[in-house]
Trainee: 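Provided herewith is a single structure, encoded as structure tokens, for subsequent inquiry.
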Amino acid sequence: MTSTQPRVSTDVLRTRAELRAALAAVPRPLGLVPTMGWLHAGHRSLMQRARADNATTIATIFVNPRQFNEAADFQRYPRNEARDLAICTDEGIDLVFAPGVDEVYPPGFDTTVSVGAVARPLEGAARPGHFDGVATVVAILFDLIGADHAYFGQKDAQQVMVIRQMARDLAIPTEVIACPTVRERDGLALSSRNVHLTADERAAAPVLRRALLAGRAGWEAGERSGDALRAAMTRVLADEPLATPAYVSAADGRTLAELDRVVDGEPALLSLAVRFGSTRLIDNEPLG
Ligand code: AMP
């Protein structure tokens, strides 16, 4: 005898009204995984953690125009909603909020959430307006969804810090949880942007990880000078002709100010942004 399995699928919500109705009576706690789609194993790991911690899970899929400082980068950001929804279903996500731009930013929308010091260096300096866009959309999503927990990747370490600051300052009670970076076997951090790398650039891209590990090895061997750690990472990147570094940082893990010296017992963050042709990749390694 055969039995027909009911087809289990994730509910897709397009509007604020549908979202509100769907969330009205869900079992709590509620876990949120915000994404821009083109889902990969990094996003899956956030979903798995959200499922483990919560009675109900919701993912958002929204390519947020406000966080792209280059229009061309927004235009060519990869999209495949059908595939993304299949992944959400596969991961057992209960609800997906996949709104259009006007649903997130209704006509006349004219507010920006702008986080201070922690949003200024590194990605903030390299991509003007980027974190305003991130903080604004995440504030809206946190407010609309009212999750108990929200899951973000450590791969975007500064983003986690910016969102934590925003949620604290705006008294949003959603707890921000950072999850470990998922990598390819050769060390390259998974990223939706990896799809844009040519074969040669893809072969070169693990140099980010090698540079960060060179920095970590220096620190483990007792090096505490910020300049020396930055130089160790820069040397590794310099050996890869396809890699053009945008920044090489050894910063305070709480403020992201560049360090003269790493202080034992205090958190530090090694981080990099590197261009390969037209594709810009970031990665980081926490110390301490
Ligand atoms: P994105 O769709 O790129 O905006 O990413 C959505 C979330 O997934 C963010 O919190 C990212 O930090 C996280 N994420 C992206 N790549 C990875 C990865 N390789 N490992 C873990 N989390 C990731």
Side-chain angles (χ1 to χ4, degrees), residues 32-36 40-43 45-46 49-50 64 67 69 113 115-135 137-138 142 149-169 174-184 187-194 205-216 218-220 226 229-230 232-234 237 245-259 262-263 265-275 280-288:
L32 163 66
V33 180
T35 82
M36 296 205 299
H40 52 61
H43 301 108
S45 74
L46 305 186
R49 174 73 197 276
N64 174 30
Q67 73 186 68
N69 53 309
V113 179
V115 172
V118 81
R120 268 179 223 124
L122 306 176
E123 290 299 285
R127 304 179 63 193
H130 168 65
F131 282 128
D132 284 359
V134 169
V137 78
V138 174
F142 277 14
H149 308 119
Y151 299 84
F152 294 88
Q154 178 64 31
K155 196 207 121 207
D156 299 286
Q158 188 177 15
Q159 172 170 276
V160 174
M161 297 171 75
V162 167
I163 291 167
R164 283 209 169 112
Q165 180 84 45
M166 179 278 292
R168 191 183 324 132
D169 292 351
T174 302
E175 185 189 347
V176 174
I177 295 167
C179 301
T181 302
V182 176
R183 299 176 181 285
E184 305 280 7
L188 177 63
L190 296 188
S191 164
S192 305
R193 290 191 167 84
N194 293 351
V207 74
L208 269 87
R209 182 71 178 148
R210 290 203 304 280
L212 289 164
L213 291 179
R216 165 172 278 282
W219 177 74
E220 284 175 355
L229 294 173
R230 288 182 285 270
M233 294 187 282
T234 303
L237 294 174
Y247 61 75
V248 174
S249 166
D252 184 302
R254 283 178 295 237
T255 66
L256 296 182
E258 290 303 314
L259 289 172
V262 179
V263 178
E266 294 184 9
L269 186 74
L270 305 178
S271 65
L272 303 173
V274 179
R275 270 193 185 277
R280 182 176 179 281
L281 302 181
I282 60 171
D283 201 351
N284 66 81
E285 176 72 11
L287 300 180

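Atoms considered below: every heavy atom in the structure, side chains included; atoms not considered: hydrogens, waters and symmetry mates.
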Trainee: Can you measure from CG (Asn69) to CZ (Phe131) and round to the nearest 0.5 angstrom?
Mentor: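 One gets 10.5 Å once the value is rounded to the nearest 0.5 Å.
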
Trainee: Working to the nearest 0.5 angstrom, can you tell me the gap between Asn64 CG and Thr35 OG1?
Mentor: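 The OG1 atom of Thr35 is 11.5 Å from CG of Asn64, to the nearest 0.5 Å.
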
Trainee: Donor-acceptor pair, distance only, cut-off 3.5 Å: does the side chain of Arg120 make one with the backbone of Val115?
Mentor: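 No, the answer is negative, given that no donor and acceptor are paired below the 3.5 Å cut-off.
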
Trainee: Using modelled atom types only, decide if a donor and an acceptor are shared between the side chain of Asn284 and the backbone of Gln154 within a distance under 3.5 Å.
Mentor: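 Pair found, side chain donor or acceptor close to backbone of Gln154.
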
Trainee: Do Ser192 and His43 have side chains that approach each other closer than 4.5 Å (heavy atoms only, starting at C-beta)?
Mentor: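 Contact flag for Ser192/His43 side chains = yes.
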
Trainee: Shortest non-hydrogen contact from Thr174 to Ala167?
Mentor: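 Closest heavy-atom pair between Thr174 and Ala167: O-CB, 4.5 Å.
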
Trainee: I'd like to know if the side chain of Arg230 reaches the main chain of Val248, judged simply by a donor and an acceptor atom lying under 3.5 Å from each other, with no hydrogens or angles considered.
Mentor: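 Flag not set: sc Arg230 to bb Val248 has no pair under 3.5 Å.
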
Trainee: Calculate, to the nearest 0.5 Å, the distance between atoms CG and CD belonging to Leu213 and Glu220 respectively.
Mentor: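 Atom-to-atom, Leu213:CG and Glu220:CD are 9.0 Å apart.
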
Trainee: Could you give me the CA-CA distance, side-chain angles and deciding distance for Phe142 and Val176, then say whether side chain to side chain contact (heavy atoms under 4.5 Å, CB included) is met?
Mentor: CA-CA 10 Å; Phe142 277 14; Val176 174; 4.0 Å; yes

Trainee: Minimum heavy-atom separation for Ala250 and Gly226, please, with both atom names.
Mentor: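 Looking at all heavy atoms of both residues, the shortest contact is CB-O, 4.3 Å.
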
Trainee: Do you know the tightest heavy-atom contact between Ala178 and Val160?
Mentor: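 So the two residues come closest at CB-CG1, 4.0 Å.
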
Trainee: Compare all side-chain heavy atoms of Arg254 with those of Glu266 and state whether any distance is below 4.5 angstrom.
Mentor: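 They are in contact (side-chain heavy atoms under 4.5 Å apart), so the answer is yes.
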
Trainee: With rounding to the nearest 0.5 angstrom, report the CG to CZ distance, Leu281 to Arg275.
Mentor: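 Between Leu281 CG and Arg275 CZ, I get 10.0 Å after rounding to 0.5 Å.
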
Trainee: Examine distances only and state if a side-chain atom of Glu258 and a backbone atom of Ser249 form a donor-acceptor pair shorter than 3.5 Å.
Mentor: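 No; zero donor-acceptor contacts below 3.5 Å.
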
Trainee: Do the side chain of Asp283 and the main chain of Val274 share a donor and acceptor less than 3.5 angstrom apart?
Mentor: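 Here the side-chain-to-backbone pair does not exist.
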
Trainee: Side chains of Tyr151 and Ser45: closer than 4.5 Å at any heavy-atom pair?
Mentor: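 When only atoms from C-beta onward are counted, Ser45 and Tyr151 do not touch, as no gap falls below 4.5 Å.
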
Trainee: Evaluate the criterion side chain to side chain contact (heavy atoms under 4.5 Å, CB included) for residue pair Arg49 and Leu46; output intermediate values, then yes/no.
Mentor: CA-CA 5 Å; Arg49 174 73 197 276; Leu46 305 186; 5.8 Å; no

Trainee: Once you round to the nearest 0.5 Å, how far does CG of Leu272 lie from CE of Met233?
Mentor: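 It is 5.5 Å, given to the nearest 0.5 Å.
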
Trainee: Checking the side chain of Thr181 only, and the main-chain atoms of Lys155 only, is there a donor and an acceptor separated by less than 3.5 Å?
Mentor: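 A pair under 3.5 Å: yes.
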
Trainee: Taking salt bridge (charged side-chain N to carboxylate O under 4.0 Å, His left out) as the test, write out the residues that go with Arg280, two or more places apart.
Mentor: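 Checked Arg280 against salt bridge (charged side-chain N to carboxylate O under 4.0 Å, His left out); matches are Glu123.
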
Trainee: So Leu188 and Arg209, do their side chains get closer than 4.5 Å, heavy atoms only?
Mentor: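 Contact flag for Arg209/Leu188 side chains = no.
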
Trainee: Measuring from atom CE of Met161 to atom CG of Leu256, what distance do you get when rounded to the nearest 0.5 angstrom?
Mentor: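 If I round to the nearest 0.5 Å, the distance is 4.0 Å.
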
Trainee: Are Leu270 and Trp219 close enough that some pair of their side-chain heavy atoms sits under 4.5 Å apart?
Mentor: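 Not touching, per the 4.5 Å side-chain cut-off.
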
